Participant: 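Let me begin by handing over the structure; questions about it come next.
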2 protein chains.
Amino acid sequence: MLSAEHLAAAHARLRRYPAKHTIYWEGEPGSFFYQLQAGAVRLYSCGQRQDFIHSLVFPGETFGETVIGTNPVALSSAETLTDTVVWVVQRAELLELLRQHPALHAKFTRRMVDLLSFHTHMRSNTTLLPAAEQILQLVNYYAHKMLARRNEGSCQPDTAQQCSFCERLSESADGYLCVPFTRQQIADMLGLRVETVMRTVKELDAAGRLRLHEHKLYYRLSQPALAGSDSPA
Amino acid sequence: MLSAEHLAAAHARLRRYPAKHTIYWEGEPGSFFYQLQAGAVRLYSCGQRQDFIHSLVFPGETFGETVIGTNPVALSSAETLTDTVVWVVQRAELLELLRQHPALHAKFTRRMVDLLSFHTHMRSNTTLLPAAEQILQLVNYYAHKMLARRNEGSCQPDTAQQCSFCERLSESADGYLCVPFTRQQIADMLGLRVETVMRTVKELDAAGRLRLHEHKLYYRLSQPALAGSDSPA
DNA sequence: CGGGTCTTTGAGTTAAGTCAATTTTCGTGG
DNA sequence: CCACGAAAATTGACTTAACTCAAAGACCCG
């Protein structure tokens, strides 16, 4: 995450997009690096029959970091879920910024490690685990992430960095978190179908591994989070 | 990839391992960074019923780059496929090396971008494409990679950097490459079953999308390679 | 030549997908 | 506060790509 000074030094421009607006398409030549200020974005690929969500981006997180590669191409499409405010940095400016600030470059590299860890985990989960375990892992990962965000105050309603997900992440007295994703989003993040998620979630509820109440999904933190201090985008 | 000077500066040690030797296990605290000198390594995760191969590592490539994260944990197990020679670098030494050599750090970052690109592509492929297309994409990716290696001379038999895969990558006159993977390896890289790969490959042969001859798989380059100048490990 | 590794095939099973229809939730304007 | 339409959640019946299991062949190395 870039500080205000870094953003200024890189001549970052603040952009506002309405909900459901596509910021860029998969396959386009990548020219920009992004840092989400407020709102929410999904990074996804389109298939014939369904979309695949690579990850959801929260305020304060960056996306499009692969621009720093040689001959960059967008690995996914980026679409706003809600009204969104985002900092946009030119590729060349980012490269220069990293060159001039070794500490920032190191931080950037750690971000890359976290992204890689996330995708690596998810990839082996998809292959090796049944739907139920995949759902738990996903929910667990995002629950940890959102809690961490709340604790560090990144998502306070009084700051600019509002996050539609964290707003919905209410915590009930018994330590259960309300999972702020729709069944469809969960399905798209795991490459499953809504109906499969539905049925599996009901089984998980019956098995006491999570809780369903008034159509909402509640999860109690237990397992350790995926590796990585930061989070994917 | 680290030069001889870099390796020396980082006090890298050269290690030899026999075939089928496990260099490290998934989940272990990560303490080292590796650069393959000769041989071949697979990075994989174990499941109840099958393994999942994250990627195959070729001579000249690095693996274990996630050690540079804070609190590093191995994302996969690493096992030699053949007799293998590998440079081993201490985490702290690597960090220091990157700190002192911005150009190397930049190169390292590009390697991370390539890894991320690879896993991102494969992840959406798994979700969105049928088995046949997945196999083609995989074969195409590695074919491009091995050809590039040959062209840049990384894999000459007279150098130290021998690669069991590239040795088997013979090219027939009509532009078809012999794919040097077993059906099982292909299956494990895609999260499919040997039998599925078998049957699908036969269909692909019938459809003229690749060729089967004396139990060997031949592929003709066509589609562009996945993004990334380097390759995954 | 013998054992171990790969490749193949066939038959039967299954988790997940597909399709279609219904109910609930929820934001918005009246 | 309520009606209305869009979005999300549910359910049931049916289909299917891929997995399982078992058993042969083929190939390669020492």
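In this text, all values refer to a predicted model and were calculated from it rather than measured experimentally. The figures that follow rest on heavy atoms only: side chains count, while hydrogens, waters and symmetry mates do not. Each chain gets a letter, A, B and so on, in the order the sequences are listed, and its residues count up from 1.
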Participant: Would you mind reporting whether B:Gln35 and B:Val89 have side-chain heavy atoms less than 4.5 Å apart?
Facilitator: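 Side-chain contact under 4.5 Å: no.
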Participant: Does a side-chain heavy-atom distance below 4.5 Å link B:Arg123 with A:Phe52?
Facilitator: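 Contact flag for B:Arg123/A:Phe52 side chains = yes.
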Participant: Kindly indicate whether the side chain of B:Gln48, heavy atoms from C-beta on, has any atom under 4.5 Å from the side chain of A:Leu128.
Facilitator: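 In short, these two side chains do not touch, never coming nearer than 4.5 Å.
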Participant: For DNA chain C, what residues of residues 190-198 of chain A have any heavy atom nearer than 4.0 Å?
Facilitator: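 Heavy-atom cutoff 4.0 Å gives A:Gly191, A:Leu192, A:Arg193, A:Glu195, A:Thr196.
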Participant: With a non-hydrogen cut-off below 4.0 angstrom, is A:Arg199 in contact with a base, only sugar-phosphate, or nothing?
Facilitator: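 The answer is base, as A:Arg199 lies within the cut-off (heavy atoms under 4.0 Å) of a base atom.
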Participant: From C-beta outward on A:Thr182, which listed nucleotide comes closest to its side chain: D:dA9, C:dA16, D:dA26?
Facilitator: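 Per side-chain heavy atoms of A:Thr182, the pick is D:dA9.
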Participant: Distance check needed: C:dT9 P versus B:Asp205 CG, whole Å only.
Facilitator: 11 Å
Participant: Both B:Gln184 and A:Ala132 contact DNA chain C. Taking the nearest nucleotide for each, which residue is further toward the 5' end?
Facilitator: B:Gln184
Participant: Of the nucleotides C:dT25, C:dT7, C:dT9, which one has an atom closest to the side chain of B:Arg183?
Facilitator: C:dT7
Participant: Can a donor-acceptor pair be found between the side chains of B:His54 and A:Ser124 at a distance below 3.5 Å?
Facilitator: no
Participant: Between A:Lys216 and A:Arg49, which is nearer to the 5' end of DNA chain C once each is assigned its nearest nucleotide?
Facilitator: A:Arg49
Participant: Is it the case that the ring center of B:Phe32 lies less than 6.0 angstrom away from the ring center of B:Tyr24?
Facilitator: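 Centroid separation for B:Tyr24 and B:Phe32: 6.0 Å or greater.
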Participant: Look at the side-chain N and O atoms of B:Lys202 and state whether any lies under 4.0 Å from the OP1 or OP2 oxygen of C:dT9.
Facilitator: yes
